[in-house]
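Below you'll find the structure, written out as structure tokens, and then a few comments.
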Amino acid sequence: MIGAALCGHDGRRGYIYHLAVDPEYQERRLGKRLVAECLEGLRRAGLERATIMVADANPRGREFWKRCGWEEIDGAVAMGIDL
Ligand SMILES: CC(C)(COP(=O)(O)OP(=O)(O)OC[C@H]1O[C@@H](n2cnc3c(N)ncnc32)[C@H](O)[C@@H]1OP(=O)(O)O)[C@@H](O)C(=O)NCCC(=O)NCCS
């Protein structure tokens, strides 16, 4: 396995998690292809918008998503709780 992405939806929004490409295979458009396949699946399921979470401490990841056409969401705050 050289790359992976988890993708799903709640009926309203699509979500992509844990996108990763093996460092030896990065910058060969595999990440972009994995995202494109996720988005195609979401479109087929009738979804019109997808969301991801990108860590502040991951500027490379942020740049990747921007290059793929994603935009930062103003007015949204990520929240969580320990279980
Ligand atoms: C982010 C990640 C999945 C990108 O995968 P990849 O296969 O190397 O990316 P691609 O080759 O498909 O690149 C797609 C575009 O993003 C750009 N890009 C990729 N990595 C980049 C980087 N580190 N900095 C700037 N641009 C980058 C490419 O130049 C390309 O741009 P283009 O379409 O304008 O030519 C990969 O770097 C990775 O696994 N990182 C560690 C895990 C991670 O951060 N995942 C994201 C969590 S939110």
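In this text, all values refer to a predicted model and were calculated from it rather than measured experimentally. We count ligands from 1, going down the list as the structure has it; atoms in each ligand are counted the same way.
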Atoms of ligand 1 close to Arg28 [distance to a heavy atom under 4.0 angstrom, numbered from 1]: 11 (O)
Which of the ligand 1 atoms, numbered from 1, are nearer than 4.0 Å to a heavy atom of Ala20: 39 (O)
Asp10, CG: over 12 other non-hydrogen atoms inside 6.0 angstrom: yes
Nearest-contact summary for atom 39 (O) of ligand 1 - protein heavy atom, Å: Val21 N, 2.8 Å
Glu40 atom CD, over 12 foreign heavy atoms within 6.0 Å: yes
Best match, Phe64, Tyr25, Trp70, Trp65: closest heavy atom to atom 19 (C) of ligand 1: Phe64
Which atom of Leu19 lies closest to which atom of Ala5, heavy atoms considered: CD1-CB, 3.9 Å
Option set Ile2, Asn58, Ile16, criterion heavy-atom distance to atom 44 (O) of ligand 1, minimum: Asn58
Nearest protein heavy atom with distance in Å, relative to atom 45 (N) of ligand 1: Leu19 O, 2.8 Å
Test side chain to side chain contact (heavy atoms under 4.5 Å, CB included) applied to Arg60 - qualifying residues, sequence neighbours left out: Gln26, Asn58
Atom 7 (O) of ligand 1 [closest protein heavy-atom partner, distance rounded to 0.1 Å]: Gly31 N, 2.8 Å
Pairs involving residues 68-83, ordered by first then second residue, that meet salt bridge (charged side-chain N to carboxylate O under 4.0 Å, His left out) (sequence neighbours left out): Arg49-Glu71, Arg62-Glu72, Lys66-Glu72
Residue, atom name and distance, where the atom is the protein heavy atom closest to atom 11 (O) of ligand 1: Arg29 N, 2.7 Å
Nearest protein heavy atom with distance in Å, relative to atom 30 (C) of ligand 1: Arg67 NH1, 4.4 Å
Result of checking Tyr15, Tyr17, Trp70 against Ile52 for side chain to side chain contact (heavy atoms under 4.5 Å, CB included): Trp70
Non-hydrogen side-chain atoms of Leu6 and Ile16 separated by less than 4.5 Å: no
Distance from atom 40 (N) of ligand 1 to nearest protein heavy atom, with residue and atom: Gln26 NE2, 3.7 Å
Residue pair Thr51, Ile73: steps toward the side chain to side chain contact (heavy atoms under 4.5 Å, CB included) verdict: CA-CA 9 Å; Thr51 305; Ile73 303 172; 4.3 Å; yes
Residue and atom name of the nearest protein heavy atom (relative to atom 33 (O) of ligand 1), distance in Å to one decimal: Lys32 NZ, 2.5 Å
Within reach of ligand 1, part of Arg33 (heavy-atom separation under 4.0 Å): neither
Option with minimal heavy-atom separation from atom 8 (O) of ligand 1, where the choices are Lys66, Glu27, Met53, Arg60: Glu27
Shortest non-hydrogen contact from Leu34 toward Ala20: CD1-O, 4.3 Å
Closest protein heavy atom (residue, atom, distance) for atom 26 (N) of ligand 1: Glu63 CG, 3.8 Å
